[in-house]
Amino acid sequence: MPPLPVDLLRWYDRHRRTLPWRALPGRTADPYHVWLSEIMLQQTTVAAVIPYFHRFLDRFPTVADLARARQDDVMAAWAGLGYYARARNLHACAQAVDRAGGFPRDMAGLLALPGVGPYTAAAIAAIAFGHPVVPVDGNVERVTTRLFALTDPLPAARKAVALRAATLGEGAEARARPSDFAQALFDLGAGICTPKSPACALCPWLGACTGARLGIAATLPAKAPKGAKPVRHGAHFHLVDAAGNVLLRRRPDKGLLGGMLELPGTIWRAQAWTMADAVSHAPLASAPWTSMGRVTHVFTHFTLHVDVYAARIDRFPNVIAMGGGLVYGERELDGLALPSLMRKCLDIARRAGPAET
DNA sequence: TATTCGTGGCA
DNA sequence: TTGCCAAGAAT
């Protein structure tokens, strides 16, 4: 017996989550809200996204508002959410949509937008425009590999899994409710068919699940082993003048933490820095640098240890400002595009506790 | 196809 | 504590 869309939809009608970007039952969500939430939700938990989603709608009520905003303000609003290329693409996408007079309503048009890939295009098409497509995210991959007991490891098997996932939405009931069907798959993956200890007893598709019947559901999807995470070292410098102004600089627009602000610092390398070596790279090597301790930050593909040094001087020499340095007052820091790593560095440099979360 | 790209929560 | 994980895209 194949998994029947009607069984999933019946379950969804009783158990669907209420989320800020979701329309009420029977209504169609705003494409701007759908798009914004989908970008934020890429590799990011619902709990982390919710406050950012509210803040964005508050600051940028329409896609036109977002298009007209300055990039610095968009980056600052995104600060802390991670994967900052999403924020740059978000801004560029808003401008493209605003110029076009609205979101494209077909897959090809959606796929052409910055930051919109196969998954997000399908999600917007299904949820905002009612196209009968099945967006394949991590939830859908998990549900699909378990339903059909697909044991080939990801990511190599991704294409085969996607083809099988598409068959889930072929029934007439699914094609009649593409938005609900897509979101029902998300809710099933998030609440029942979870990565660890899935609640199979509560699953509307239990009777159709080969993985459950074989007792291997919880082990799927199989994943290729990951390589070891290398360690890198860096040093960053907190230079403050008598008025309490802090010296920052902006990172290049591409690459890690692209377009975000940071305390001036060394490159991040495999070899640890001695204090003397690090301070020789400080924005003002002659300042009275004091070691404030070490911050450890785990990125996706490496672990970073940052030694933080602080110094207070009377006033900034002009030569510093000429080198691309940016000076901000202490009270301005909260509203800036500072990634979490730099919040940690600032906290330790100012001998304050970690920012409340 | 394989890397690069954040962050915080949780077992 | 360490590793795993989250509505992936770009290169």
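Predicted model only: the values in this text are computed from it and were never measured.
Heavy-atom distances under 4.0 Å link DNA chain C to no residue of residues 255-267 of chain A.
Between A/His297 and B/dT7 there is a side-chain polar atom (N or O) within less than 4.0 angstrom of OP1 or OP2. In terms of phosphate contacts, A/His301 brings no side-chain nitrogen or oxygen within less than 4.0 Å of OP1 or OP2 of B/dT4.
With sequence neighbours left out, A/Arg312 forms a side-chain contact (heavy atoms from CB on, under 4.5 Å) with A/Val240. Here A/Arg68 pairs with A/Ala64, A/Asp65 under the side-chain contact (heavy atoms from CB on, under 4.5 Å) rule; sequence neighbours left out. Residues meeting the ring-ring contact (aromatic ring centres under 6.0 Å, His included) test with A/Tyr309, sequence neighbours left out: A/Phe237. The ring-ring contact (aromatic ring centres under 6.0 Å, His included) check on A/Phe181 picks up nothing, with sequence neighbours excluded. For the side-chain hydrogen bond (donor to acceptor under 3.5 Å, both in side chains) test, no residue two or more places apart in sequence or in another chain qualifies with A/Ser340.
A distance below 6.0 Å separates the ring centres of A/Phe299 and A/Phe302.
A/Pro135 comes within 4.0 angstrom of no nucleic acid atom, judged by non-hydrogen atoms across all strands.
Rounding to whole angstrom units, CD1 of residue A/Ile50 and P of B/dG9 are separated by 14 Å. Nucleotide B/dG8 holds its P atom 11 Å from the CZ atom of A/Arg343, rounded to whole Å. Going from atom CZ of A/Arg232 over to atom P of B/dG6 covers 12 Å, rounded to whole Å. The distance between atom CH2 of A/Trp78 and atom C1' of B/dC5, rounded to the nearest whole Å, is 13 Å. Separating the CG atom of A/Leu90 from the P atom of B/dG6 is a distance of 15 Å, rounded to the nearest angstrom. The CG-P distance, from A/Leu304 to B/dG6, rounds to 12 Å in whole Å.
In this model, no donor atom of one side chain and acceptor atom of the other lie less than 3.5 Å apart for A/Thr145 and A/Glu141.
Straight-line distance between the P atoms of B/dT4 and C/dA7: roughly 24 Å, to the nearest whole Å. Rounded to the nearest Å, the gap between the P atom of C/dA9 and that of B/dG8 is 23 Å.
Listed by first and then second residue, the ring-ring contact (aromatic ring centres under 6.0 Å, His included) pairs that reach into residues 214-233 of chain A are A/His233-A/His305, sequence neighbours excluded. Residue pairs that meet the ring-ring contact (aromatic ring centres under 6.0 Å, His included) test with at least one member in residues 100-128 of chain A, sequence neighbours left out, are A/Trp35-A/Phe103.
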Going 5' to 3' through nucleotides 4-11 of chain C and flagging B where a protein heavy-atom sits under 4.0 Å of the base, S where only the sugar-phosphate is that close, and - otherwise, we get -SBBBSS-
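Where A/Ala156 and A/Tyr84 meet DNA chain B, the nucleotide closest to each residue was compared, and A/Ala156 sits on the side nearer the 5' end.
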